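A short write-up of the structure that comes next.
For the single chain, residues carry numbers from 1 onward in sequence order. From a predicted model like this one, the values you see are computed outputs, not experimental measurements. Computed from heavy atoms alone, side chains included, the values below leave out hydrogens, waters and symmetry copies.
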Amino acid sequence: MSNRVVNVLAAASVAGLMFTLFGMSAGAAGAADPAEQVKDRQQTMKKLGGGMGAVAKFVKNEGATAEDAAKGAEAVLAVSKMDPKKIFPEGTAVGVADSAAKPELWKSWTETQKYWSAVQPAAEKLDAALKGGDRAQIAQALGATSKTCGTCHEDFRVKKN
């Protein structure tokens with residue numbers, strides 16, 4: 001094979017590789033699979049719920065340490081700071097994978113954002129109460145955070161059996 005043919009083949013191979021790599025990354029950055037988005041949301045909510053659970057176990061004296069509760073509160077606070085549009089992308093309502101999100105969540109997006117924006121201040125109070133160390137205050141802040149989450153669940157999540 002001549003050098004010219006080898007060079008053309010090499011250039012074509014590199015060009016094809018570049019196209020494949022950049023084409024894949026552009027596709028990945030675009031529309032994600034709705035079923036995967038539901039799975040991601042569920043993992044995010046499990047992180048939030050697990051954090052709440054760790055704090056609850058501490059408050060109830062069920063084996064969780066103050067350190068466990070602090071890590072739990074940090075998880076709740078981290079989730080509360082997330083963009084709700086990333087957690088609840090359109091097209092991920094009931095009927096997509098095992099989503100429990102009602103279509104009303106997107107139809108009432110202003111209300112959804114209002115609910116979501118209430119989670120962060122509640123999580124901050126929970127975190128502050130944990131840092132204060134008073135179990136009664138922690139329990140009160142946990143209850144308030146739980147109520148904040150529950151309000152959204154009442155309106156926008158299909159009830160579990």
Side-chain angles (χ1 to χ4, degrees), residues 21-22 24-161:
L21 290 174
F22 288 115
M24 287 175 132
S25 64
D33 175 39
E36 282 299 312
Q37 291 174 319
V38 169
K39 184 178 174 185
D40 289 346
R41 174 172 59 237
Q42 291 170 338
Q43 290 302 314
T44 298
M45 291 302 157
K46 284 180 183 177
K47 179 179 176 181
L48 188 142
M52 298 281 286
V55 176
K57 285 182 179 180
F58 174 73
V59 167
K60 295 176 183 177
N61 229 359
E62 295 178 346
T65 65
E67 184 178 325
D68 296 332
K71 286 180 183 175
E74 287 173 15
V76 173
L77 190 55
V79 170
S80 77
K81 292 178 179 180
M82 295 176 74
D83 180 353
K85 287 184 179 185
K86 300 233 189 268
I87 298 171
F88 301 100
E90 288 192 56
T92 61
V94 172
V96 176
D98 58 347
S99 176
K102 294 179 182 177
E104 289 83 356
L105 185 139
W106 293 273
K107 291 177 186 170
S108 305
W109 189 250
T110 302
E111 190 72 11
T112 300
Q113 287 179 303
K114 182 178 128 189
Y115 286 160
W116 188 257
S117 67
V119 177
Q120 187 174 348
E124 288 170 347
K125 288 177 184 173
L126 178 60
D127 188 52
L130 271 157
K131 289 176 180 166
D134 182 322
R135 280 187 199 252
Q137 286 182 347
I138 297 167
Q140 184 178 15
L142 177 65
T145 305
S146 181
K147 184 177 179 181
T148 300
C149 295
T151 302
C152 190
H153 288 188
E154 270 301 306
D155 290 349
F156 298 125
R157 186 176 80 175
V158 174
K159 293 188 186 316
K160 293 182 178 180
N161 291 333

Exercise for review: Output all residues satisfying side-chain hydrogen bond (donor to acceptor under 3.5 Å, both in side chains) with Lys160, sequence neighbours left out; order by chain, then residue number.
Suggested key: none
Exercise for review: Return each pair, listed once, that meets ring pair (Phe, Tyr, Trp, His ring centres under 6.0 Å) where at least one residue sits in residues 123-161; pairs must be two or more places apart or across chains.
Suggested key: Tyr115-Phe156
Please table the atom pairs, donor to acceptor, closer than 3.5 Å between any side-chain atom in residues 142-150 and protein atoms at least two apart or in another chain.
| residue | atom | partner | partner atom | Å |
| --- | --- | --- | --- | --- |
| Thr145 | OG1 | Ala122 | O | 3.2 |
| Thr145 | OG1 | Ala141 | O | 2.9 |
| Thr148 | OG1 | Ala144 | O | 2.9 |

Practice item. Could you tell me which non-hydrogen atom of Trp106 sits nearest to which non-hydrogen atom of Ala93, and how far apart they are? Key: CZ3-CB, 3.4 Å
Review point. Partners of Ala97 by side-chain contact (heavy atoms from CB on, under 4.5 Å), sequence neighbours excluded?
Key: Ala35, Val38
Review point. With Asp83, which residues qualify under side-chain hydrogen bond (donor to acceptor under 3.5 Å, both in side chains), at least two apart?
Key: none
Review point. What pair of heavy atoms forms the shortest contact from Leu126 to Ile138, and how long is it?
Key: CD1-O, 3.9 Å
Review point. With sequence neighbours excluded, what pairs up with Ala75 under the side-chain contact (heavy atoms from CB on, under 4.5 Å) test?
Key: Lys47
Review point. According to the salt bridge (Lys or Arg N to Asp or Glu O under 4.0 Å) rule, which pairs have a member within residues 114-131, sequence neighbours left out?
Key: Glu111-Lys114, Asp127-Lys131
**Study point:** By side-chain hydrogen bond (donor to acceptor under 3.5 Å, both in side chains) - contacts of Asp134 (at least two apart)
**Key:** none
Point to revise | Residues that Met45 engages under side-chain contact (heavy atoms from CB on, under 4.5 Å), provided they are two or more places apart | key: Arg41, Ile87, Phe88, Trp116
Study note, to complete from the structure: The complete set of side chain to side chain donor-acceptor pair (under 3.5 Å) pairs with one or both residues in residues 50-65, sequence neighbours excluded, reads Thr65-Asp68
Point to revise | Arg135 CZ to Leu130 CG distance, which is reported to the nearest 0.5 Å | key: 10.0 Å
**Study point:** CD/Gln42: more than 12 non-hydrogen atoms of other groups inside 6.0 Å
**Key:** yes
**Study point:** Sequence-distant partners of Lys102, side-chain contact (heavy atoms from CB on, under 4.5 Å), two or more places apart
**Key:** Glu104, Val158
Check your understanding: Residues in side-chain hydrogen bond (donor to acceptor under 3.5 Å, both in side chains) with Glu154, at least two apart?
Key -> Lys159
